[in-house]
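These figures come from a predicted structure and were not determined experimentally. Atoms within each ligand, like the ligands themselves, are counted from 1 in listed order.
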Amino acid sequence: MRSIHTAWAEIDLKALRNNLAQVRRRIPGRNTQILAVVKADAYGHGMKRVAKVLAKSGVQFFGVANIDEATELRSVCPTQRILVLGSFHASQLPFFIHYRITPTVSSVEDVQVLSRFLKSDLTHDSRLRGNDNSRPFPVHVKIDTGMGRLGVWHEDLEQFFSVLKTSPNLYVEGVYTHFSSADKADKKFTRQQIERFRKAVQKIEALGIRPKYFHAANSLGLLRFAKAHLNLVRPGIILYGIQPDKNIANVPGLKPVLSLKARVSFLKSVKKGASISYGASYITPQATQIATLPIGYSHGYRVGFSNKAFVAIRGRKYPVVGRVTMDQTLVDLGPRARVCRWETVTLIGRDKNINISAEDLASLIGSIPYEIVCSIHSRIPRIYKGIR
Ligand SMILES: Cc1ncc(COP(=O)(O)O)c(C=O)c1O
């Protein structure tokens, strides 16, 4: 027996493949590979299904935030490379090693903890790495060129690499950096980060270290700075068909992957002057019909949308009225709408000529579209379409 969903997210896997093709078009050289960023449950789209489709389309690298995401991803991507973009704790190292997950190394302390563990691993539990335990363990070194987050400061590389060189059980497979301002109209700071990274790479090579991968570009890095493509790019948001920044010209060809939908769960006719929802912040200006949608801030449909956002039903726009509550949201249909109970409502996505984007919703509340899609709670089922 199956009941209907009353609030759900539709994930269009064909659109995902389209966006991957758009990324590929923008890195024309054969030498640049793609590391798809699928952290935060693939920005709310469902990491496992998204990664499976991308892997089937030839993506060989994935980036996640932590070891828990990495081990979950390993179950659907048995052969692909998985890089943890966040930091690690010593207690997580057996999982990195057992599941062949690549850690990001950002400090002398990271090198020492990892190297010490690998030594003990070899002596105490060789089962952990199977036949691999005689080979150096691959890591990616992060260099901070101006983000101020993880990474070895680009001017402190000598000391860091002098310690790393005394750890023969580690292999620097990659070095990377992250841009803080690739969205700024003024490209100066990102250019400076690229230059700092270029010099860092020169220094590393002069020390006799030969990484296989160099990477820097997030979505806007790859769209706006060809010099940052190097031999690996790390797109996230554009794979999901979302325009990365409202101040940068729209990227043509992207198709939004996620739509958020709900059904009208209740309809009520009210008189002029009726107060709607907590705080009575909306008073009906005329006799009207109020629709209840069974979705609220506990699902990620934000309180900030109260009296600001619109939804679409049968290709027409209707305003969200009164305060969005924990699990219900109210919409003013006007006096003449012929909307039925249990009809489908689009909260994010396209309905005929009406388009409600994550970008639009973000603008309403001074947020960014990343936050809008990442906030959609796991209680909202993801329904996949487009590819079996
Ligand atoms: C280190 C790193 N690389 C790449 C990305 C992908 O960024 P975007 O989604 O802007 O493409 C992220 C996302 O936050 C990140 O943290």
### Sequence neighbours excluded - salt bridge (Lys or Arg N to Asp or Glu O under 4.0 Å) pairs with any residue from residues 182-192
none
### Message
Side-chain heavy atoms under 4.5 Å apart, restricted to Ile/Leu/Val/Met/Phe/Trp/Tyr: what other residues fall into the cluster of Ile194, or is it alone?
### Response
Phe179, Phe225
#### Entry: Centroid-centroid under 6.0 Å between Phe305 and Tyr301 rings
yes
Are there any protein N or O atoms under 3.5 Å from the N or O atoms of ligand 1? List them with distances, or say none.
| from | atom 1 | to | atom 2 | distance (Å) |
| --- | --- | --- | --- | --- |
| ligand 1 | 3 (N) | Arg234 | NE | 2.8 |
| ligand 1 | 3 (N) | Arg234 | NH2 | 3.3 |
| ligand 1 | 9 (O) | Tyr43 | OH | 2.6 |
| ligand 1 | 9 (O) | Ile237 | N | 2.8 |
| ligand 1 | 10 (O) | Tyr370 | OH | 2.6 |
| ligand 1 | 11 (O) | Ser219 | N | 2.7 |
| ligand 1 | 11 (O) | Ser219 | OG | 2.5 |
| ligand 1 | 11 (O) | Gly236 | N | 2.8 |
| ligand 1 | 14 (O) | Lys39 | NZ | 2.9 |
| ligand 1 | 16 (O) | Lys39 | NZ | 2.9 |
| ligand 1 | 16 (O) | Arg149 | NH2 | 3.3 |

### Query
Between Arg116 and Gln112, does any side-chain donor sit less than 3.5 Å from a side-chain acceptor?
no
### Message
Which residues pass the ring pair (Phe, Tyr, Trp, His ring centres under 6.0 Å) test with Phe62, not counting sequence neighbours?
### Response
none
### Query
How many angstroms lie between atom OG of Ser107 and atom CG of Asp144, to the nearest 0.5 angstrom?
12.5 Å
